[in-house]
Amino acid sequence: FTYMKYNVLNTLKIYARFSRVYPWTVVFLVVTIIAGQLLTLAVPFQYKQFFDVLAVGDVTASGTLLHILLIIIGLYSAEWVTRRLLAAAGNRYQTMVSKDLYLYCFAYLHKHSFSYFNNNFVGGLVKRVNRFVNAFDRVSDRLFWNILPLLVNVTVILVVLSAKSLWLGLIILVWVTLFVGINLALTKYKLKYDVERSEAETKASGLLADTIANHATVKLFNGYARENTTFTEANEKVRRLRKFTLDLDAWFEVVQTFLTYALEIGIIYLAIILWQNGQLTLGDFVMMQAYLLRLFWRIWDFGRVIRHI
């Protein structure tokens, strides 16, 4: 596992080194993502005010309701603009870094010795290069579109709910810590099988590429039966590892589902007690439910995000 961890960290360092070539683009992405998340997180607070006005039952307050609705429209419009800016900046950032990574891999491979190419499948080498470069797109997507928004959402939700009741904030903090800790532990357990499956897939792809490239030799020396047996065994290993890792993912989701149900029920139960004590209003219930949905949406794929990185 230490070797795998070293490889992951080394890969991330390479990605970071090439990303530093475009510092202002990265800064722009980070600032715009934070701004967009803050805009969307302001919407539930507006809905809280909306339903608090409705709860009063004053039909003359329609002007106030329309004013709040206009604010919500403005928040969504501003967030829509940030998404368009992110799409433009993100596309430029990923395509430029991907091109640089391909050039880096090209130069790195050609500096190897003859024995390196003789001892490795050509198809396997090509797949590794493509996987290395394509993985950058996935890692950057997870960082900018999953992890950073998750951090912003958790921070804001903790602050807002803690202002209502320290118990609400404490429950959210303990739950997030437990959720992340369980996912990290499960991901650590599954990582070695993901790496083993990836290596098996690379070997199977390399066998296919080489047997096609050497089809004439296979036919001349009657090697079809041997090649077929080797390729079948390689793909059976891939199938077993794929099924095992998919089964682990299914069990991970079972655990995550239980945790989300437990938090939602626990928060609503506590909210009822606080409402009885006059600490919460109808609008607070709406705001809390909106924040919980956002939290579940952002944190649900946390385990997969970490495994991709």
Side-chain angles (χ1 to χ4, degrees), residues 5 12 29-49 51-52 75 79 82 139 141-191 249 251-309:
K5 183 178 180 181
L12 292 177
L29 286 170
V30 172
V31 172
T32 309
I33 288 171
I34 293 175
Q37 292 302 307
L38 291 177
L39 288 168
T40 55
L41 286 165
V43 172
F45 180 75
Q46 296 301 320
Y47 276 118
K48 163 194 155 40
Q49 294 183 313
F51 280 92
D52 281 341
L75 291 171
E79 193 272 340
T82 63
V139 169
D141 281 342
R142 299 301 181 269
L143 286 174
F144 289 121
W145 296 104
N146 293 101
I147 292 182
L148 181 56
L150 173 61
L151 292 174
V152 175
N153 276 264
V154 170
T155 301
V156 173
I157 291 172
L158 278 175
V159 171
V160 173
L161 295 187
S162 295
K164 291 293 178 182
S165 170
L166 289 178
W167 283 108
L168 289 173
L170 181 61
I171 289 176
I172 293 293
L173 179 61
V174 171
W175 184 86
V176 169
T177 303
L178 179 65
F179 190 97
V180 171
I182 290 175
N183 269 278
L184 287 174
L186 294 175
T187 299
K188 181 178 179 180
Y189 171 76
K190 183 174 178 284
L191 179 60
D249 282 334
W251 279 108
F252 291 175
E253 294 197 358
V254 169
V255 175
Q256 289 184 167
T257 302
F258 172 78
L259 290 174
T260 54
Y261 289 166
L263 176 64
E264 185 171 9
I265 293 172
I267 285 290
I268 295 300
Y269 176 76
L270 177 59
I272 292 173
I273 296 175
L274 295 173
W275 173 74
Q276 289 176 329
N277 296 332
Q279 294 178 253
L280 296 180
T281 64
L282 174 63
D284 290 322
F285 277 85
V286 175
M287 181 181 69
M288 282 192 300
Q289 188 63 25
Y291 279 152
L292 284 178
L293 290 175
R294 285 192 62 84
L295 179 62
F296 294 155
W297 170 41
R298 286 296 177 186
I299 206 170
W300 181 260
D301 287 333
F302 177 80
R304 291 182 179 177
V305 168
I306 296 300
R307 289 193 293 276
H308 282 155
I309 293 179

Open item on the list: Restricting to non-hydrogen atoms, name the atom on L143 and the atom on P149 that form the minimum distance, rounded to 0.1 Å.
Closed with: O-CD, 4.3 Å

Open item on the list: Is it the case that atom CZ in F285 sees more than 12 heavy atoms from other parts of the structure closer than 6.0 Å?
Closed with: yes

Task: Enclosure of W175 CH2 (heavy-atom neighbours >12, cutoff 6.0 Å) - done: yes

Task: Validation row: Q279, I273 side chains within 4.5 angstrom (heavy atoms) - done: no

Open item on the list: If you compare all heavy atoms of S165 against all heavy atoms of L274, which two are closest, and at what distance to 0.1 Å?
Closed with: CB-CD1, 3.6 Å

- [ ] Examine distances only and state if a side-chain atom of Y291 and a backbone atom of L41 form a donor-acceptor pair shorter than 3.5 Å.
- [x] yes

Task: Distance, nearest 0.5 Å, that separates OG1 of T155 from CG of L151 - done: 6.5 Å

Task: N/O donor-acceptor pair under 3.5 Å between D284 side chain and T281 backbone - done: yes

Task: Closest approach of L161 to L168 (non-hydrogen atoms, all atoms of both residues) - done: O-CB, 3.8 Å

Open item on the list: Using side-chain heavy atoms (C-beta onward) and a distance below 4.5 Å, is L148 in contact with Q37?
Closed with: no

Task: Side-chain donor or acceptor of D52 paired with backbone N/O of G283 under 3.5 Å - done: yes

Task: Polar side-chain atom of S162 near backbone of V159 as donor-acceptor pair, under 3.5 Å - done: no

- [ ] Check step by step if ring-ring contact (aromatic ring centres under 6.0 Å, His included) holds for F252 and W300.
- [x] CA-CA 10 Å; F252 291 175; W300 181 260; over 10 Å; no

